[in-house]
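Working notes, structure below.
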Amino acid sequence: MWELSTHYLWWILALLLIAGELLLPGYFLLWIGLAAAAMGVVLWIDPTLGLLVQAVLFGLLAFAAYVGYARWLRPRLERRAPGGERLNRRAEQLIGQRYQLIEPIVNGRGKARVGDGQWLVSGPDLPLGATVEVVAVEGTTLQVRAAA
């Protein structure tokens, strides 16, 4: 009969868990899979460990792998580039920028050229071609003032 060493079973379990990580969102199975791979290494070094010792050691390794991720790796992965906190509010990145009016601001409303598009602007009455500075964003309207 064909017999498989216990450390190979742990490595197979590790591969299955890590493959399962590809199908499920998050990083949960990855750390359990790494703990199973580590158990395979431990049993390769000392194949005489009992089943209870293996189970406890696996639990400790899985917990240690997750804590290592949560306290060390995750904070380093979550470093954001400047301005990244506004990813879903891109218009706020226009604050402080200067643009030229393509329609004069009359009764508080006008339009400015922003890149290759036009944006509605709100602010004090200003003539066509005036340079304005964005001070705030309200929905799709830029709040502007005359640039100094």
Side-chain angles (χ1 to χ4, degrees), residues 1-103 105 108-124 130-148:
M1 177 92 184
W2 190 71
E3 189 174 315
L4 193 62
S5 296
T6 310
H7 66 276
Y8 286 124
L9 294 175
W10 281 106
W11 288 336
I12 291 170
L13 177 63
L15 288 174
L16 290 173
L17 288 168
I18 292 171
E21 181 64 40
L22 297 173
L23 301 174
L24 300 172
Y27 290 110
F28 185 72
L29 290 178
L30 177 63
W31 309 116
I32 297 173
L34 291 176
M39 276 304 304
V41 171
V42 167
L43 283 175
W44 181 55
I45 293 169
D46 182 10
T48 62
L49 291 178
L51 188 59
L52 180 62
V53 174
Q54 290 179 38
V56 171
L57 188 56
F58 173 66
L60 291 173
L61 286 171
F63 182 75
Y66 178 75
V67 169
Y69 161 72
R71 296 200 184 246
W72 183 79
L73 184 60
R74 186 175 182 182
R76 284 162 180 74
L77 293 176
E78 288 185 349
R79 288 187 186 152
R80 295 186 176 120
E85 65 276 359
R86 297 183 186 155
L87 177 64
N88 292 327
R89 298 183 314 240
R90 294 184 198 167
E92 289 184 13
Q93 295 176 2
L94 301 177
I95 294 174
Q97 301 294 321
R98 294 179 179 206
Y99 301 104
Q100 196 167 33
L101 293 177
I102 57 171
E103 283 184 16
I105 299 178
R109 294 282 195 204
K111 288 187 181 180
R113 167 102 30 225
V114 177
D116 62 350
Q118 304 174 17
W119 280 69
L120 292 173
V121 295
S122 173
T131 302
V132 293
E133 182 179 351
V134 179
V135 293
V137 178
E138 287 185 19
T140 59
T141 303
L142 303 177
Q143 304 297 316
V144 298
R145 66 177 175 210

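Residue numbers count from 1 along this sequence.
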Hey, what's the ring geometry for Tyr66 with Tyr69, parallel, tilted or perpendicular (30° and 60° as the breaks)? tilted
Tell me which pairs pass side chain to side chain donor-acceptor pair (under 3.5 Å) where either residue lies in residues 40-60, with sequence neighbours left out. Trp10-Gln54, Asp46-Thr48
Work out which heavy atom in Leu29 is nearest to a heavy atom in Leu17; give both atom names and the distance. CB-O, 3.5 Å
Nearest atoms (heavy-atom pairs only) where Arg98 meets Ala147: NH1-CB, 3.8 Å
Gap separating the NE2 atom of His7 from the CG atom of Leu49, nearest 0.5 angstrom: 13.0 Å
So, taking the atom named CG in Leu13 and the one named CG in Leu9, what distance separates them when rounded to the nearest 0.5 Å? 9.0 Å
Heavy-atom closest pair, residues Val137 and Leu142: CG2-CD2, 3.9 Å
Rounded at 0.5 Å granularity, tell me how far CD1 in Ile32 sits from CE in Met39. 14.0 Å
side-chain contact (heavy atoms from CB on, under 4.5 Å) for Leu73 and Trp31? Distances and angles first, verdict last. CA-CA 12 Å; Leu73 184 60; Trp31 309 116; 3.8 Å; yes
Flag if over 12 foreign heavy atoms under 6.0 Å of CZ, Phe58: yes
How close do Trp119 and Thr140 get, heavy atom to heavy atom, and via which atoms? CE3-O, 3.6 Å
Are side-chain heavy atoms of Ile102 and Gln118 found at a separation under 4.5 Å? yes
side-chain contact (heavy atoms from CB on, under 4.5 Å) evaluation trace for Ser122 with Arg109: CA-CA 5 Å; Ser122 173; Arg109 294 282 195 204; 3.8 Å; yes
Which heavy atom of Val121 sits nearest a heavy atom of Thr141, and at what distance? C-CG2, 4.0 Å
May I ask you to test the Tyr99-Val134 pair for a side-chain heavy-atom distance under 4.5 Å? yes
Nearest heavy-atom approach of Trp11 to Val41 is NE1-N, 3.5 Å
Check step by step if side-chain contact (heavy atoms from CB on, under 4.5 Å) holds for Val135 and Ile95. CA-CA 5 Å; Val135 293; Ile95 294 174; 5.9 Å; no
How far does CG of Leu120 sit from CD of Gln143, to the nearest 0.5 angstrom? 10.5 Å
